[in-house]
There are 2 protein chains.
Amino acid sequence: MSNSEDKTVQAIGVDVPVSQILSVEKAQRMAEFFGVLGDPNRWRILSALALKELRVGELAEAVDMSESAVSHQLRVLRTMRLVSYRKQGRSVYYCLKDDHIFNLYQEASEHLDEPDD
Amino acid sequence: MSNSEDKTVQAIGVDVPVSQILSVEKAQRMAEFFGVLGDPNRWRILSALALKELRVGELAEAVDMSESAVSHQLRVLRTMRLVSYRKQGRSVYYCLKDDHIFNLYQEASEHLDEPDD
DNA sequence: ATTATCCATGAATAACTGTTCAAGTATCTG
DNA sequence: CAGATACTTGAACAGTTATTCATGGATAAT
């Protein structure tokens with residue numbers, strides 16, 4: 001809900017209740033989340049972690065990025081709670097946090113695979 | 001599938017089949033799609049269109065953006081086939097193309113609403 | 001203790017993105 | 001036809017983002 005007063009805009013005979021449009025705040029949160037999924041290297045990292053728990057260095061090798069770049073991206077993924085980690089000695093093992101990412105992947109795949117009309 | 005040769009990286013005793021990591025091309029397509037959902041104003045536009053078919057001008061008023069900005073964003077949404085449109089006189093009516101967007105919204109909401117562990 | 005390894009972090013830079021502004025096309029009205 | 005309305009488009013500019021590079025911290029090995 002966006003506004004306290006129930007403003008409307010006239011459209012096609014009926015009014016559009018502006019209050020049902022996503023609020024700026026909610027839209028912002030959605031955008032931040034999906035924005036994290038808007039980078040190809042983060043998808044490659046996530047897909048690698050979908051196979052098994054991996055250390056930062058292994059990840060870097062697997063997705064062919066520098067350790068620093070991977071580490072930076074892992075921080076972003078951590079912030080959105082898409083991955084979790086555990087430390088063991090000097091290593092840090094990362095893994096997927098839950099399987100929402102699988103559902104999002106599937107849903108997007110379906111959309112992208114749809115015929116062009 | 002990423003590489004023709006089935007390269008692996010050693011990890012945790014077992015090997016990680018690099019060939020199962022999302023290819024750069026597939027990752028790129030995923031990122032492009034989700035990147036479109038990585039903007040708050042596009043979410044507001046989509047949520048407005050979820051209520052009913054709207055003209056560009058009505059959309060602009062509803063989401064409080066300039067017509068030009070809305071038009072630019074609608075082109076992006078059209079490119080990703082998230083919206084479709086029909087012309088009627090000088091007006092152009094836009095609507096949501098399918099309901100994948102609803103599922104994505106729901107899935108993301110669930111993720112964002114999860115407790116912090 | 002010294003050195004090496006693994007990872008995180010901050011700054012800097014290059015690339016990308018979204019808005020505005022100005023102009024252009026198409027349709028309707030008088 | 002002239003003017004107004006509805007929308008689109010391209011260029012420019014500001015803000016954001018992802019990488020690299022250099023450095024620092026923590027743990028392990030010698």
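Chain letters run A, B, ... following the sequence lines, proteins first, then strands; residues in each count from 1.
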Value in whole Å for how far the [atom2] atom of [N] lies from [atom1] of [X]:
| X | N | atom1 | atom2 | answer |
| --- | --- | --- | --- | --- |
| Leu37(B) | dT17(C) | CG | C1' | 15 Å |
| Glu67(A) | dA8(C) | CD | C1' | 11 Å |
| Lys87(B) | dT27(C) | NZ | P | 8 Å |
| Asp39(B) | dC16(C) | CG | P | 18 Å |
| Glu61(A) | dC6(C) | CD | P | 11 Å |

- Query: According to a strict under-4.0 Å criterion, is Gln73(B) in side-chain N/O contact with OP1 or OP2 of dT19(C)?
  - Reply: yes

- Using only side-chain N and O atoms of Arg55(A), determine if any of them is under 4.0 Å from OP1 or OP2 of dT5(C). no

- Message: Quick check for you: among dG18(C), dC6(C), dT27(C), whose closest atom lies nearest to any side-chain atom of Arg90(A)?
- Response: dC6(C)

- If you check the Ala69(B) side chain, which of dG18(C), dT29(C), dT20(C) turns out closest? dT20(C)

- Select base, sugar-phosphate, or nothing to describe what Tyr94(B) touches, counting heavy atoms under 4.0 Å on all strands. sugar-phosphate

- Message: So Ser91(B), base contact, sugar-phosphate only, or nothing? Heavy-atom distance under 4.0 Å.
- Response: sugar-phosphate

- Could you check if a side-chain atom of Asn41(A) sits within less than 4.5 angstrom of a side-chain atom of Val63(A), using non-hydrogen atoms only?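 SC-SC contact between Asn41(A) and Val63(A) ruled out.
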
With distance as the sole test, does [X] use its side chain to make a donor-acceptor pair with the main-chain N or O of [Y] at under 3.5 Å?
| X | Y | value |
| --- | --- | --- |
| Arg81(A) | His111(B) | yes |
| Asp39(A) | Arg42(A) | yes |
| Trp43(A) | Leu37(A) | yes |

- Task: State plainly whether the residues Glu114(B) and Lys97(A) are in salt-bridge range, i.e. N to O under 4.0 Å.
- Result: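 No, this pair does not count.
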
- Interatomic spacing from SG in Cys95(B) to NZ in Lys52(B) - rounded to 0.5 Å: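 So the SG of Cys95(B) and the NZ of Lys52(B) are separated by 13.0 Å.
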
- At the 4.0 Å heavy-atom cut-off to chain A, mark where contacts on DNA chain D begin and end, going 5' to 3'.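 Range of nucleotides within reach of chain A: dA18(D) to dA28(D).
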
- Ignoring hydrogens and angles, are the base of dC7(C) and the side chain of Ser68(A) linked by a donor-acceptor pair under 3.5 Å? no

- Message: Is it the case that atom CG in Asp98(B) sees more than 12 heavy atoms from other parts of the structure closer than 6.0 Å?
- Response: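 More than 12 heavy atoms, drawn from other residues, nucleotides or ligands, come within 6.0 Å of this atom.
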
- Query: Of Val70(A) and Gly57(B), whose closest DNA chain D nucleotide lies nearer the 5' terminus?
  - Reply: Gly57(B)

